[in-house]
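Order of listing sets the numbers, starting from 1, for every ligand and every atom in it. Residue numbers count from 1 along this sequence.
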Amino acid sequence: MGIQITPSLLNADFAHLADEAARIPNADWLHMDVMDNHFVPNLTLGMPVIEALAKAAPQPIDAHLMIADPDRWAPAYAEAGAGSITFHVEAAAAPVRLAREIRAQGARASMALKPATPIEPYADLLPELDMVLVMTVEPGFGGQKFLDLCLPKIRRARELIAASGADVWLQVDGGVSLETIERCAQAGADVFVAGSAVFGADDPEAMVAALRDKAAAACAHG
Ligand code: DX5
Ligand code: ZN
């Protein structure tokens, strides 16, 4: 599939989400951060907002669920219109069953790992997944500093994906910017979430293009 850029709307203007999506026509996905104030200490948006934006925006929705009990809630996000649904493995009671339910609803199934969660225990699950998200900050807030300590895990995840033979995308989220995206791409990431870097830029569309170019160049040389 190659490099994909999925801007996070967490730092966009929540009063005008469809207009914000229209500012980034070159984005592959719209990354929507769902937080429930239980799994993370912040509260954002949920299914009704995703359902509304899925109808109003041309890009597909990449729903990142930072919520407790994703086993109960995640599959319904497919019906709300999300094309990709990411649950946190730390919160999931039965990740295999959950990934199968998400796929059965017609969405891509993705599993996220917080910075302190290792990938190795989940190597055998990779064929059940369409994407793995390696968080590069502690989830909960936009605008945090990128954690370089996550780079070895990105590398290991890429190796395990290659060994599995499954077609699994590898996403990074948190502190991704023009300054950090090359390191992520060189480590093996191919799907890049960027919130403050895109919506803090004067020209978000140009920033999406610049991020894509940097990641592609780093892949070519890495
Ligand atoms: C953080 C969210 C991110 C956040 C990224 O918990 O999952 O998607 O919006 O924002 P930046 O790119 O500013 O770190
Ligand atoms: Zn996110």
Among Gly140, Ala194, Ser8, which one has a heavy atom closest to atom 9 (O) of ligand 1?
Ser8
Nearest non-hydrogen contact with atom 5 (C) of ligand 1 belongs to which option: Asp173, Asn42, Asp33?
Asp173
CD (Glu79) with more than 12 external heavy atoms under 6.0 Å
no
Report yes if some N/O of [X] lies less than 3.5 Å from some N/O of ligand 1; otherwise report no.
X	value
Glu138	no
Val176	no
Gly195	yes

Looking at Asp33, which of its N, O or S atoms is the nearest one to the Zn ion (ligand 2)?
OD1
Between the Zn ion (ligand 2) and His64, which N, O or S atom of the residue is the nearest one?
ND1
Short N-O contact, Glu159 and Arg156, less than 4.0 angstrom:
no
If we number the atoms of ligand 1 from 1 as shown, the ones under 4.0 Å from a heavy atom of Met66 are 6 (O), 7 (O)
I need the atoms of ligand 1 closer than 4.0 Å to a non-hydrogen atom of Gly174, numbered in the order shown.
14 (O)
Do Val89 and Leu147 share a hydrophobic cluster (ILVMFWY, side-chain heavy atoms under 4.5 Å, transitive)?
no
Rounded to 10°, how many degrees is the angle OD2/Asp173-the Zn ion (ligand 2)-NE2/His31?
100°
Side-chain donor-acceptor contact under 3.5 Å, Thr6 with Asp28:
no
